[in-house]
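These notes concern the structure reproduced below.
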Amino acid sequence: MHDFKGQTVIVTGGTRGIGKTIAESFLTSGAKVIATYLTNEAAAAKFKQDNSQFAENLNVQKLDVSKYEEVERFFKYIDSKYGGFEILVNNAGIRKDSVLAMMKESDWHDVMNVNLTGIFYMCKFAVMNMMRKRYGRIINISSVMERYAFEGQANYAASKAGLVALTKALSKEVATRGITVNCVSPGFIATELIQDLPDKLREAYLARIPMKRFGNAEEVAACVLFLASKEASYVTGSVLEVSGGL
Ligand code: NAD
């Protein structure tokens with residue numbers, strides 16, 4: 001649908017789940033892709049193997065977005081190897097659910113550190129680079145939970161709501177520099193995560209969705225590619241929900 005030939009894309013957490021489908025969609029659309037992973041070497045190797053037909057355009061790098069020095073080193077590497085990039089997809093995210101009164105302090109901080117602070121680090125270095133080129137597309141993967149905030153997800157919902165606020169503020173700061181910053185906000189997407197849900201919870205979630213089905217990663221990726229395209233030049237600071245009408 002979109003042609004990304006000549007463009008370089010970074011997808012965090014890009015070797016599995018939704019991130020993997022986003023990375024593969026960019027590869028099939030002609031982009032060079034740097035897909036990052038956290039610790040799972042085996043999954044990263046399999047991802048590389050599965051996409052061996054794109055070997056020339058695919059670079060898989062280990063990166064913990066919650067570590068400032070690591071993020072700084074990563075962008076120096078990208079700068080020296082590619083001389084910059086056009087698109088950043090902040091997909092990496094975690095959940096550590098429990099009711100607030102029982103929530104461990106570390107579970108609060110871990111979720112904030114990855115889902116919000118990590119994206120601050122990634123955006124900070126990305127924007128410096130994109131400003132030099134006076135072009136860029138940043139897509140942050142939020143969640144409809146930023147609006148719904150289900151019980152047991154205070155940390156996750158707060159981090160995703162914070163991410164929407166970060167997106168809107170940053171979009172204004174760079175609006176005259178050819179850089180757009182948007183969120184894609186998925187509802188329930190059929191990843192491994194949802195496949196493992198107990199039947200009762202699965203049915204309860206399905207009953208809440210007007211379309212009566214879970215979404216798939218391809219449907220999320222299609223929205224990301226639209227916002228990353230040159231055609232989406234007048235869309236910034238927005239939240240595009242992919243939720244079957246939730
Ligand atoms: P997933 O667990 O399969 O993927 C998350 C990715 O993030 C993994 O590749 C993981 O390695 C990476 N990651 C985790 N911590 C990291 C860190 N510190 N540094 C770098 N990478 C790290 O989950 P998913 O379902 O594919 O979710 C992808 C994104 O979509 C997340 O931001 C999630 O919050 C969001 N989301 C998912 C759903 C859903 O239904 N699956 C719904 C709404 C939003």
Side-chain angles (χ1 to χ4, degrees), residues 10-20 22 36-40 43 62-75 88-127 138-171 173 181-189 191-198 200-202 204-205 208 214 217 220 237 239-243 246:
I10 297 167
V11 184
T12 64
T15 64
R16 68 163 217 235
I18 294 173
K20 173 176 183 279
I22 293 172
T36 77
Y37 68 101
L38 182 62
T39 47
N40 193 336
K62 197 169 176 176
L63 173 68
D64 183 342
V65 299
S66 69
K67 304 261 163 49
Y68 186 87
E69 290 78 16
E70 233 178 87
V71 173
E72 187 173 29
R73 258 199 316 276
F74 171 78
F75 279 99
L88 168 63
V89 183
N90 283 309
N91 164 76
I94 59 169
R95 276 177 37 208
K96 293 198 175 180
D97 298 352
S98 70
V99 292
L100 189 145
M102 304 301 287
M103 190 178 284
K104 289 194 277 177
E105 189 193 1
S106 59
D107 286 351
W108 172 268
H109 288 301
D110 289 350
V111 169
M112 287 297 162
N113 287 344
V114 178
N115 294 7
L116 188 54
T117 309
I119 294 183
F120 159 62
Y121 296 159
M122 293 297 293
C123 287
K124 178 176 164 68
F125 290 104
V127 155
I138 299 177
I139 299 99
N140 295 325
I141 307 298
S142 179
S143 161
V144 286
M145 287 310 138
E146 63 96 4
R147 212 159 49 72
Y148 268 89
F150 280 4
E151 57 278 19
Q153 295 202 317
N155 50 358
Y156 182 77
S159 71
K160 295 296 192 182
L163 179 55
V164 170
L166 179 155
T167 300
K168 287 178 186 288
L170 179 60
S171 71
E173 291 171 12
V181 193
N182 291 287
C183 275
V184 166
S185 202
F188 294 105
I189 305 302
T191 57
E192 288 149 46
L193 208 106
I194 283 194
Q195 248 114 59
D196 294 346
L197 278 181
K200 255 197 153 162
L201 200 54
R202 197 185 162 80
Y205 284 165
R208 283 184 169 194
F214 296 131
V220 178
V239 180
L240 178 49
E241 290 199 358
V242 196
S243 68
L246 257 179

Can you name the residues that form a side chain to side chain donor-acceptor pair (under 3.5 Å) with S66, not counting sequence neighbours? D64

Pairs in or reaching into residues 141-152: which pass side-chain hydrogen bond (donor to acceptor under 3.5 Å, both in side chains), with residues at least two apart or in two chains? R147-E241

Could you walk me through whether M122 and L63 satisfy the side-chain contact (heavy atoms from CB on, under 4.5 Å) test, starting with their C-alpha distance in whole Å, then the side-chain angles of each, then the deciding distance to 0.1 Å, before giving a yes or no? CA-CA 11 Å; M122 293 297 293; L63 173 68; 3.9 Å; yes

For L100 against A154, the heavy-atom pair lying closest together: CD1-CB, 3.9 Å

To the nearest 0.5 Å, how far apart are CG in L38 and CZ in R16? 8.5 Å

Quick one: does L116's side chain get under 4.5 Å of L166's, heavy atoms only? yes

Of all heavy-atom pairs between L246 and G187, which one has the smallest distance, and what is that distance? CD1-CA, 4.4 Å

How would you list, by chain and number, every residue that makes a side-chain contact (heavy atoms from CB on, under 4.5 Å) with F214, sequence neighbours excluded? F188, A190, I194, R202, Y205, L206, I209

Rounded distance (nearest 0.5 Å) linking atom CD1 of I10 with atom CZ of F74: 4.5 Å

Sequence neighbours excluded, which residues qualify as side chain to side chain donor-acceptor pair (under 3.5 Å) partners of Y37? E41

Contacts satisfying side-chain hydrogen bond (donor to acceptor under 3.5 Å, both in side chains) that involve residues 158-170 (not counting sequence neighbours) are N115-S159, N140-T167

Nearest heavy-atom pair of A92 and T12: which atoms, and what distance? N-OG1, 2.9 Å

Look up atom CE in M112 and atom OG1 in T117, then write down how far apart they are to the nearest 0.5 Å. 8.0 Å

Taking only residues two or more places apart in sequence or in another chain, which ones pass side-chain contact (heavy atoms from CB on, under 4.5 Å) with Y68? E72, Y121, K124, F125

Check: residues 101-110 side-chain donor-acceptor pairs under 3.5 Å, at least two apart:
from	atom 1	to	atom 2	distance (Å)
D110	OD2	K96	NZ	2.8

Mind listing the closest non-hydrogen atom pair of G237 and S171 along with its distance? CA-OG, 3.3 Å

Can you tell if the side chain of V184 reaches within under 4.5 Å of the side chain of V220, non-hydrogen atoms only? yes

Atom OG of S243 and atom CZ of R208: how far apart are they, to the nearest 0.5 Å? 13.0 Å

Looking at every heavy atom in both V239 and S185, which two are closest together, and how far apart are they? CG1-CB, 3.6 Å

Sequence-distant partners of N91, side chain to side chain donor-acceptor pair (under 3.5 Å), two or more places apart: none

Testing L163, I22, V242, V11 for side-chain contact (heavy atoms from CB on, under 4.5 Å) with I141, which one passes? I22

